[in-house]
Every structure is written in structure tokens, then in C-alpha cells.
Colleague: 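Have a look at the structure that comes next, please.
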Amino acid sequence: MTTMSLAKALNAGLRRAMEDDDKVVIMGEDVGRLGGVFRITDGLQKDFGDDRVIDTPLAESGIVGTAVGLAMRGYRPVVEIQFDGFVYPAYDQIVCQVAKLHYRSRGRVRIPMVIRIPFGGGIGAVEHHSESPEAQFVHTPGLKVVACSNPADAYAMIQQAIHADDPVIFLEPKRLYHAAKADVDEAALSESPAPLWQSRVVRSGSDATLVAYGPTVSTCLDAATVAAEEGRSLEVIDLRTLSPLDLVPVHESVRRTGRLVVVHEAHVTLGLGAEIAARVTEECFHSLEAPVLRVGGFDTPYPPARIEEAFLPDLDRVLDAVDRTFGF
Amino acid sequence: MSDPVFGPAPERAPDPELVQLLTPEGERVHHPGFDVDFTPDELRGFYRDMTLVRRLDVEATALQRHGELGLWAQLLGQEAAQIGAGRALAPQDFVFPTYREHGVAWCRGVDPVRLLSLFRGVDQGSWDPAEHNFALYTIVIGAQTLHATGYAMGVQRDGLVGTGDPDRDMAVVAHFGDGASSQGDVNEAFVFAASYNAPVVFFCQNNQWAISEPFERQSRIPLYRRAHGFGFPGVRVDGNDVLATYAVMKAALQRAREGQGPILIEAYTYRMGAHTTTDDPTRYRLSEDLEHWKLKDPIARLEVYLRRNGMADEAFTADVAAEADALGERMRRECHALPDPSPHDLWDLVHAEKTAELAAQQAEYDAHAASFEEALS
Ligand SMILES: Cc1ncc(C[n+]2csc(CCOP(=O)(O)OP(=O)(O)O)c2C)c(N)n1
């Protein structure tokens, strides 16, 4: 059992994956000598060499495009995109090539690539450093998309994603990289981790359900703590996997609580919340006591740091939405 | 050993000639292709500009350390490249900067406090590009080089190239870094500019580093030589020599205004500071490297030249120092006083014509905020 931050857990998971399979290579801007701007790949180039931990030229389309070629040659590239807002130069390669090669080749070509993206806001950054682009990838058939929210999951999920034979967009809540450390039992997680494609109830409750992933899981857990003091019992579900979606625990929960609030930092319009609301309405229509509500970033560009608090879903906005589900 | 068919590998080609008019020791030298006669006032002006933007940079870095700015991208060491490039402009020329062109912003009359507001997180660029002929800072690496090229295509279509009227003919400048030279956008900008013979000057400050990655990761040949492959000329200038940078930029802008098309200038310089205030360069570069470049300091060499030739005395440098102190004091004061943005900016700034949907979101937010104020009062 080791106590570690989410950043350190990712680092440990990457190291483990590289030890287990020498086809795993890491690519990205500043990932080598510097260890990445967030130090997620710290020390890996020193230990595995610069053939396996590759500092690339400054070109995201180039990084993902060459990673496709490496994957076709039998490697398992783990690509780091420095910040969420810089994935777009690679968007064409991701949507038209990474996502479609398996389909186009009738399954003869596999792209076991992981694209790691630090995502979300709340770090006081300048433009393009705080975005939540997940829906754009969930909307792209051929990609799988996951988001971790805590150190133990980060450690296991990064290895599972690397092990998967399909391309995975791996979202890391950058605001939590160096937040509270937690115990990570590396031995246990290596032997029997929870399956990657499953969501999980992280706090049980009976009055209403909160669904979140990545950075908003901790916001929802805080909201549940506050609500409990006011006598309201909230169940919190960490989705973990965004594509495919695992809504079994959500349906099960909503059938008991009758109320659901989905919380993400991404813009509300056509965000994950929209899809979840539609599916839950289809599956649990007769159990619902109120419409499914969404709390998310407004339909505006991510604002300058001094007003990001107004943009981000916080405790108050989550609790306010919970209140509203009781008003119906 | 040279390949009999293809010739020597490019990296073995002889070192490129660097256009230089003032040596690191402060000695005035001449160049057959690029030379300008500078008046003592012009030379003193360069010294003043460089000293003030260095202070601007030091002050902003200190403000970040004190928590007043979220981030700052330092220009330390690149003053000559930026002042040379900025002062060579004609008023009608238009500039597309990266996020580090504080010296060029200075030359374009953008108040330093406006740069602070961006890095403080108050706004994302508060000057009017049309007022200063200076576009907003662009953080997405390389994107602005295409904008510059398109802008230049517009200038062409407006008939403002090659008329022979020095007050009308216009050139456009695209700033970018050595790291950016790897981006698709930058290479596409080269292709478009060449294809349409657009009046754009590509000005690359090769400061040797893209965060932690050394120049060799981006290119195995000197950057200015890439231009030839795209079909236009390239030149490497000593970017720590304000006279040479000015002279080369002046000639390139004139060439573009006359309708002779794009050109690439590689200003060879060095990022003396960290990439930004969140970066720690001791993790990836040697301090000897930095010491070596300190000897090439752009301001020190000009000061030596001015003093040795009786163009500057104690009184002059003391005046500039006092002006720098006053600038620093004003920046601190006005930075503290910058008002926080209104949450209404979120919705008000999205479209030219606000949609009903956004207006409804805004109203909902207002009601929510008001309910909290009520609860508090
Ligand atoms: C598309 C994109 N990818 C990555 C980044 C992150 N980033 C910011 S600056 C930088 C290095 C830029 O180096 P260079 O072009 O040499 O300019 P310099 O910062 O040295 O002035 C990187 C990788 C970015 N801003 N945009």
C-alpha cells in the first residue's frame, strides 16, 4: 500500500505498463527530459530510454499521425496531449484515422493507442488550458473514452487502457493531479482491478442520484456531505467510462431515488448529461419523480480565470439542482 | 563524407552566416547586404525601448510571483529581436504576435497594463487590433501565421501592395517560435504565402527552446533555409543585435510592400528566462549555456557602443533608469487596480447577436446569484 497523488499514480501505472510490455512507447511534447509539464512521465525517459519515451516535435497532428504508424507496426503508443485545448490540431487524425481504421480494414488493423488528455478547469490558467472536450470524442464512433477521478483508479485504469486493443481517449482531471493523496494498493490493483468499462457507486444514498466523472466527482461527494447534514441522502456515481457508457448502476439507482442530476464541466448543450438524460428517461420513465437535471459549464467559451468560478459547476449549483428536483 | 549523388547531409553544411551589425563586444561592423545609418537619437531610442521592455518583463514576473498574475511569459534576452522587429514597422503595417511579443506590443503602443490583464485572468486580450494594427496574442502554437497570410492576401486584394506610395503600401508580420516551425499551420502558411506571393514577413525568434525541447528536435537545418524549399528567401540575423534585426526587418518589410512576396527571417536569440513562470529550466538545460548567452546580452552591447562613442553618458542612462522605475511603479499600481470582469461577460461576448438561448441561461444564472445574495443579506 502506497499513499500517492493522482499524478504519481498515473506515473506508477505508466511505469508498470512499460515494464510489462516493451511495445509500450510514450510520445508527446516535453514528456522526456522534463517529464511532462505536469510531471506525469517523470523519470520514465531516464529509465526506459529515449526510444520509448519520445520527445516529439511541436505538432499534435504529427504526434497522433505517427503514433498510428507505430501502432500499425505493433507498438502501443501512449500519447500525451499537453493541454485539452491543444488536441484540436490532432482532431483530424483522431476522428478520421484513429477512430476508423479498425472499421475500414474489416478489423485487420488495430490501433491500440491511448491518448492522454489533462482536462477541465479551476487552475487559474490562460485560454485553451481548461477545456472539457469529451463529448466530441464520445460522439465519434470507434473511440473509447474514460475519465479517472482518484489515484487508485488512475493507477489501474491507465494500465487497462494501454492493454485495450481499441484506441482510448484517457481524460485526466488536471485540477486533481496534486490534490489529496490516497492509498493505492499496487499489488491488489494489478491482480484484480475493477473492469475498465464499468461505472461505480462511490457513495450510497436514497433520496437523489448524482452522476459525475473526472473533476466533478469530488464536487458531488462534497455536495452529498453537505446535503447529509441537511438530512438529505444523495447517492454519487462515478461514471469512469464515458464511451461505452455503463448506465446499469445509474438506472438501478434512479429506480430507487427517482431523482437524477448529472454534473460535468463541459458545456451543457449536447454534453454527456444530455445523452444520460435521454437514456434514463427511456429506461426509468416510470420511476422518475422529476426531470433529469444537468449542471455544467455554460454554453460559452471557457472564460478568463478571474470569472471561472462563475462558469464551473460548484457545490452551490449542484445543491441548487438537487433542490429543484425536489420541487417537482 | 559526401554522398556522390545527393551531396552532403544537410546538418553538415557550413554554419550559416549571421547578419550582424553590432558584435557582442559592442563593436559596429558592416554587412554588404543589410546596412542602415543610424542617428544617435535612433540608437538611444533602441536603448531606451529595450531597457523599458526589460523592466516591463521583470515587473510582470515579480507580479506573478506575488500572486497578482496567474502566469507570465518572459521575453528576457529577446529584447533586441522584438524592438528591432517592432521599430522597423511602418504605421500601416499589421502584426500577428504569439504570446511573448511584449516588446513588439510596446512598439505598437499597446499599454503594458493591457498585457497584464490577460495574464491576470481578467480578459483574453483587451486591445483593439484595428487600433494598434496588432492582433491579439495567440496561444495555440502557429495558428496566427495563417491569419497573417490571409490578412496579407486581403491587403493584396485591396491594392495596397506595390503602389510605390510609402505611406500606403502595407506589409504583414507573422511572429512565431522555433517550436512552432514544426506545426502544420506554419508550414501551410508558408505554402499559401508563396503561392499567392503574399506581402507577409515570417519573423521567427529562434530562442533555442520550445519549453524543454532544444531546437534540434524541431529542425536539422537552420530554420531560415527552410524558406528556400517553399520558394521564398530566408535570412538569419543576430537576434540579440537590435541594429541588425532592425535593418533586416526594414528591408524585408519594404520588399513585401513592393510586392516581391514573403520572406522568412530567423532571429537567432536565446530565451534567458524560463518558458513561463510555471517552468523550471534547471530540469533540462545547463547553466553554462545560459552563461554563454549572457555574454551576448542585447542591451549591454548597445550600451557599450553608445558610451564608447560618446552617444550616451551617465545622465542619459540615469534618465532611462528613472523612466523604467516609473513604469514599474505604474504597472504595479494599475495591475492591483484592474477590476475583475463581470460574470455577464460570459454571455455578452459570445456572439455578435446574442441568442435567446444564451439570454435565458444568463437570466437563470442571475436568479441563482440573486438567491444567494438574499440568503446572505
Ligand atoms: C497547439 C499547441 N500545442 C502545445 C502548446 C503548449 N505550448 C505552449 S508554448 C510551447 C512551446 C513553444 O515554443 P516556441 O514555438 O519555440 O516558442 P517560445 O515559447 O519558445 O517563444 C508549447 C508546447 C500550445 N500552446 N499550443
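Below, chain A is the first sequence line, B the second, and so on; all start at residue 1.
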Colleague: Can you tell me which of B/D345, B/L71, B/V140, B/T355 forms the most heavy-atom pairs within a distance under 4.5 Å of chain A?
Modeller: B/V140
Colleague: Using non-hydrogen atoms only, which part of B/A180 is less than 4.5 Å away from chain A: side chain, backbone, both, or neither?
Modeller: backbone
Colleague: Quick one: closest heavy-atom pair of B/A135 and B/W127, and the distance?
Modeller: O-NE1, 3.2 Å
Colleague: Under a 4.5 Å heavy-atom cutoff, which of A/R317, A/E29, A/E309 has the most pairs with chain B?
Modeller: A/R317
Colleague: Any salt bridge between B/R283 and A/D42, counting N to O under 4.0 Å?
Modeller: yes
Colleague: Tell me, side chain or backbone of A/F86 under 4.5 Å from chain B's heavy atoms, or both, or neither?
Modeller: side chain
Colleague: So which of A/Y88, A/F38, A/Y302 actually passes ring-ring contact (aromatic ring centres under 6.0 Å, His included) with A/F83?
Modeller: A/F38
Colleague: If I measure from the heavy atoms of chain B, does A/D299 come under 4.5 Å with its side chain, its backbone, both, or neither?
Modeller: both
Colleague: Looking at A/P301 and B/V350, what are the two nearest heavy atoms and their distance?
Modeller: CD-CG2, 3.8 Å
Colleague: So which part of B/I211 gets closer than 4.5 Å to some heavy atom of chain A, the side chain, the backbone, both or neither?
Modeller: both
Colleague: Quick check on B/L346 against chain A: is it the side chain, the backbone, both or neither that has a heavy atom closer than 4.5 Å?
Modeller: both
Colleague: With a 4.5 angstrom heavy-atom cut-off, could you sort out which part of B/S342 is near chain A: side chain, backbone, both or neither?
Modeller: backbone
Colleague: Is B/Y137 close to chain A through its backbone or its side chain, or both, or neither, when contacts mean heavy atoms under 4.5 Å?
Modeller: neither
Colleague: Please collect all side-chain hydrogen bond (donor to acceptor under 3.5 Å, both in side chains) contacts where either partner lies in residues 59-70 of chain B, sequence neighbours excluded, each pair once.
Modeller: B/E59-B/R332, B/E68-B/R120, B/E68-B/H336
Colleague: Which atom pair, heavy atoms only, marks the closest approach of A/L44 to A/M18?
Modeller: CD1-SD, 4.5 Å
Colleague: Please examine the side chains of A/T66 and A/M27, heavy atoms only from C-beta on, and report whether any two atoms are closer than 4.5 Å.
Modeller: yes
Colleague: For A/E308, which atoms come within 4.5 Å of any heavy atom of chain B: side chain, backbone, both, or neither?
Modeller: neither
